[in-house]
Structure formats: C-alpha cells, structure tokens
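Working notes, beginning with the structure itself.
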Amino acid sequence: MKPAPEPTPDAHPRVAGHTLHQQIRSSIEKQILSGAWKPGYRIPFEHELVQQYGCSRMTVNKAIGELVNAGLVVRRKRAGSFVAQPPIHSAILDIPDIQAEILERGQTYAYTLLRRSLRKPVSGRAGERELAGDGRLIALQCLHSANGRPFALEDRLISCKAVPEAAAVDFALTSPGAWLLGHVPWTAAEHRIAAIGASDTTATLLDIAKGTPCLLLERRTWRDGVAITQVRQTFPGDSFDLVAKFTPSRAR
C-alpha cells in the first residue's frame, strides 16, 4: 500500500560547518524525531534524495547508513528504507514511564510542571557540560501524583543541542519522561540508585516530613554516543520499589 503523503526533508544544499551527508541525515532525523514521519513510514528513495539535494548516490547512501546505525531507519531489500519501530530495551533496570507505572496499579495519575527554564550548564558540573555541548539546557522540575498524593519529584535537564525539538514542547501538558520515551530513541543509559532523607524543599513538595527515607533514582541517557538527558527522580520510600529479573549465567 502506498503511504499517505508526508512532509519531505527541507533541502538546503549547503550549511556552514556541515557536510552535505550530515545535512541530509539531520533533515531526515528531524522528521523522525518530531513525529512527522511515524514508525513504518517509507522515507524517500535514494534516487529521489539525490535529485532533491543535487548530490551523488554515495552521499545519500552514507547519510541513510548513519541513520540505520543509529537505529532510526531500517532498510528492506527491494522495498526501500523505513522509519524504525521504537526498540524494546532489555536491561536489569529499564527506564520507567511513571504514568504507566501508576496506571498499572489502578491508581489515578496527575502531573504538574513546577518550573521550566532555559540555561547554560553550571560551572564545575562536568555532567552538565557534557550534556549541553556548546548549547543550552532545558531545566524542568515536575511532580507526579497518584490518587491525589505526591508520588515522585522529578528534576530533569534536556540537551537543546541533541534534542532541539524539545524547546517547542509544552511540558505543562505532557511529562518530559513520557515525551522523550515516545520521541527520542536511546541507545545507552546509566542508573544510580541511592537512599536519602528528604530535604526541606523535597519534603514540602512531596508532602512528607523532613528526613523521611526516600529512594533517589539518577539516570543519564545517550543516543549514538550523544548525551540526551539527565534526571533525578525522588520517591517517598513507601511509594516505589525496584524489581529486576535475572537469568543465571555460567561461572567464570
């Protein structure tokens, strides 16, 4: 079945500081990550991109090859190249969708954006510098609730350089974690788990007593080696648990 017409990448043959194959890749990637091209959508054939950009077949092939390596595009013999389905990640600790977790418990979910700003990385924080690159960071603080009670406090940074389309998202309407899981594929993640006592500010926002035991989950994610986001999620100790499934392996 022929797919319905969709937007085509913007054709700007030359951009300072970018090779043509990088520009073609970036243009196609933008359509995928913005949701304009859904999973399963056939991207233009290589000969169509050659004509559009006025370049060689090798240049187009290199751009698409990088998208394939990044997990955004799949090639099908004699059929063309298609937007890949979001991967299912298998890990000891997966990236949770808090809204889905709450709904699976049969509880009512609510979300509140507490603060949003655009800023530079803080001097001395290497993780923020890596995340920002030579760009800025979207800083968000939000509260997830279950059955009308605070469930998790989230402090998140998103790289404007890695995910420029995030700047236009209204995070007052959708949580950043859910949006990222649905729009930005990740290829690597790092988790850090700690037990902490609630600070004054955290205790007020979570409606618990200062010093109440909490679970702190810190996470960073990358796509193809490029840092996407880092987040700190704080849960009251009695509201969240972590479950991991293991399989035995041979002793070494």
Side-chain angles (χ1 to χ4, degrees), residues 1-90 95 118 130-138 158-171 174 176-189 220-229:
M1 179 182 295
K2 185 177 180 180
E6 297 279 357
T8 57
D10 298 329
H12 300 287
R14 294 292 184 269
V15 174
H18 292 76
T19 64
L20 188 51
H21 95 269
Q22 289 173 330
Q23 185 188 338
I24 296 171
R25 170 185 168 159
S26 177
S27 185
I28 294 174
E29 184 177 47
K30 179 179 178 182
Q31 298 295 329
I32 295 173
L33 297 182
S34 70
W37 290 357
K38 306 295 184 184
Y41 171 72
R42 180 182 63 74
I43 69 175
F45 285 115
E46 288 190 7
H47 72 267
E48 295 173 328
L49 293 172
V50 165
Q51 182 177 12
Q52 179 180 347
Y53 284 92
C55 62
S56 69
R57 187 73 172 262
M58 182 180 298
T59 297
V60 169
N61 186 271
K62 183 176 181 180
I64 294 177
E66 290 184 359
L67 291 166
V68 170
N69 292 337
L72 297 176
V73 169
V74 293
R75 282 177 165 142
R76 298 177 188 166
K77 193 172 182 180
R78 293 189 295 273
S81 298
F82 298 80
V83 177
Q85 295 289 337
I88 298 175
H89 301 279
S90 179
I95 292 183
L118 184 66
E130 177 196 355
L131 182 63
D134 57 3
R136 292 181 175 250
L137 299 170
I138 300 172
I158 302 174
S159 169
C160 290
K161 183 176 181 180
V163 195
E165 60 272 25
V169 177
D170 187 353
F171 289 115
T174 183
W179 184 83
L180 286 166
L181 283 172
H183 292 82
V184 186
W186 57 275
T187 56
R220 297 190 295 166
T221 57
W222 294 263
R223 181 181 68 233
D224 201 22
V226 177
I228 299 171
T229 186

With sequence neighbours excluded, what pairs up with E130 under the side-chain hydrogen bond (donor to acceptor under 3.5 Å, both in side chains) test?
R220, W222
Is there a side-chain contact between V169 and I138, using heavy atoms and a 4.5 Å cut-off?
no
Applying the side-chain contact (heavy atoms from CB on, under 4.5 Å) test to V60, which of H47, Q52, E46 qualifies?
E46
Is a side-chain donor-acceptor pair under 3.5 Å present for H21 with E66?
yes
Can you name the nearest heavy-atom pair linking R25 to A70, along with the distance?
NH2-CB, 4.0 Å
Report the C-alpha separation of V73 and I32 in whole Å, then their side-chain angles, then the decisive distance to 0.1 Å, and conclude whether the side chain to side chain contact (heavy atoms under 4.5 Å, CB included) test is met.
CA-CA 9 Å; V73 169; I32 295 173; 3.9 Å; yes
Working to the nearest 0.5 angstrom, can you tell me the gap between T187 OG1 and I228 CD1?
6.5 Å
Counting N and O atoms only, with roles assigned by atom type, does the side chain of T174 sit under 3.5 Å from a partner on the main chain of F171, one being a donor and the other an acceptor?
no
Heavy-atom closest pair (I24 atom, C55 atom, distance to 0.1 Å) is CD1-SG, 4.0 Å
Do T221 and V184 come close enough that some side-chain heavy atom pair is under 4.5 Å?
no
Take a 6.0 Å sphere around CD of Q51 and say whether it holds more than 12 heavy atoms from other residues, nucleotides or ligands.
no
Check whether any side-chain heavy atom of K38 lies under 4.5 Å from a side-chain heavy atom of V83, and answer yes or no.
no
Heavy-atom closest contact (A162 atom, R223 atom, distance)
O-NH2, 3.4 Å
For residues A84 and G71, report the shortest heavy-atom separation together with the two atoms involved.
CB-O, 3.4 Å
Between V163 and T229, does a side chain to side chain contact (heavy atoms under 4.5 Å, CB included) hold up when you go through it step by step?
CA-CA 9 Å; V163 195; T229 186; over 6 Å; no
Measure the CD-CD distance between E165 and E29 for me, rounded to the nearest 0.5 Å.
8.0 Å
Are any of the side-chain heavy atoms of R75 and I64 separated by less than 4.5 Å?
yes
W186 side, atom CH2; L180 side, atom CG - distance, nearest 0.5 Å:
12.5 Å
From L72 atom CG to S81 atom OG, the distance as rounded to the nearest 0.5 Å:
12.0 Å
Between R57 and V50, the two heavy atoms sitting closest are CA-CG2, 3.6 Å
Closest contact, heavy atoms only, L33 versus H183:
CD2-O, 3.2 Å
